[in-house]
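Down below is the structure, laid out as structure tokens.
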There are 2 protein chains.
Amino acid sequence: MEIIEDQLVQTEESCITSVNYISDALYVLGGKWKLVIIFTLVESPKRFGELQKVLKGIGPKMLAKDLRELELNEFVVRRVYEGKPEKVVYEATPYSKSLSKVLSELKDWGMKHREKIKQSMRKVS
Amino acid sequence: MEIIEDQLVQTEESCITSVNYISDALYVLGGKWKLVIIFTLVESPKRFGELQKVLKGIGPKMLAKDLRELELNEFVVRRVYEGKPEKVVYEATPYSKSLSKVLSELKDWGMKHREKIKQSMRKVS
DNA sequence: CCGTATCCGTCATGATACTG
DNA sequence: CAGTATCATGACGGATACGG
């Protein structure tokens, strides 16, 4: 019995380690918008207003807050170009690009998920 | 000018579509615990108490709520085995397993991220 | 052991108005 | 255009007690 317990603890340990990695990731990437912001900025740099348009539904406060946090964690660079009206552009860093696999897997899964939802809606109706 | 606008709208459109897929995914998987719960259950089915132990820090209320939602969205099956003390086991469905790529990419990224954090802490000290 | 019920505090999110 | 200020709401989280 105790031996079995030990084995369980072992397997649980490695599982817990993996869980910690995922929790770490979610700690910096968590929330409703951060991953989406990173995704759109990896596609191309964008201005504040453009981001608001692409991320339908986000308010300026949340967007500003998330951008600040993403800048702190080095996912995003805020560049200011002086000029008549000065231009502010947000740009994804190489570190953001290290997330591209995660993002593309998530996007693929999201596509399949949407298909599944559509089908179950057909069944209901 | 209007033609350029149209082109921008085109590129934005495809970007927005991808954004929607990711938002869809985050809608069902979002929050602090859902992905972690799915991950541990994909490794092996677990009981309520075991989950509480593995996910250090989650309270019974949150765990119950997330498990209920995951059951609704068909990520998890709740199985009850009758017996002296009846046993309740939560099990990942095949649909959860369709997330395995997302999860392993996220885990890998989390590992690298932890390394990066460690290094930047060394630099500071 | 498996949860539910309750209370309560904190934080994330949102809507809107407003300033440089 | 880029963001801040303000206010409101709900999600999340912790503690504890309780019932099946």
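A note on names: the letters A, B, ... follow the listed sequences, proteins ahead of strands, and every chain is numbered from 1. Treat the numbers as computed from the prediction; the structure is a model and nothing was measured.
- Counting any heavy atom pair closer than 4.0 Å across all strands shown, G49(B) reaches sugar-phosphate atoms only and no base atom.
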I'd like a table of donor-acceptor pairs (distance under 3.5 Å, sequence neighbours excluded) in which one partner is a side-chain atom from residues 70-77 of chain A, with atom names and distances.
residue, atom, partner, partner atom, Å
N73(A), ND2, E69(A), O, 3.2

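- Within 6.0 Å of NZ on K87(B) lie no more than 12 heavy atoms contributed by other residues, nucleotides or ligands.
- Atom CD of E50(B) and atom C1' of dC1(C) are 12 Å apart (whole Å).
- For DNA chain D, no neighbouring residue in residues 68-78 of chain B is found when judged by any heavy atom under 4.0 Å.
- In this structure, the side chain of S120(A) engages the main chain of K116(A) through a donor-acceptor pair within 3.5 Å.
- The distance from atom CD of E91(B) to atom CZ of R79(B), rounded to the nearest 0.5 Å, is 4.0 Å.
- With rounding to the nearest 0.5 angstrom, the CG atom of L106(B) is 8.5 Å from the CG atom of L106(A).
- No contact: P85(B) has no heavy atom under 4.0 Å from any strand.
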Could you list, one pair per line, each protein nitrogen or oxygen that sits under 3.5 Å from a nitrogen or oxygen of nucleotides 6-11 of chain C, together with the distance?
residue, atom, partner, partner atom, Å
dC7(C), N4, K61(B), NZ, 3.2

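- Sorted by residue number, the list of members of residues 20-41 of chain B with any non-hydrogen atom under 4.0 Å from DNA chain C is empty.
- Remark: E115(B) engages K118(B) in a salt bridge, criterion side-chain N to carboxylate O under 4.0 Å.
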Writing each nucleotide of DNA chain D 5' to 3' as (, ), [, ], | or . by Watson-Crick or G-U pairing under 3.5 Å yields ||||||||||||||||||.|
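- The structure places OH of Y90(A) at 5.0 Å from CG of L67(A), a figure rounded to the nearest 0.5 Å.
- Between the side chains of Y21(A) and H113(B), no donor-acceptor pair is found at a separation under 3.5 Å.
- A 4.0 Å heavy-atom criterion places the boundary nucleotides of DNA chain D facing chain A at dC1(D) to dC7(D), written 5' to 3'.
- Atom pair L63(A):CG and dA15(C):C1' shows a separation of 15 Å (rounding to whole Å applied).
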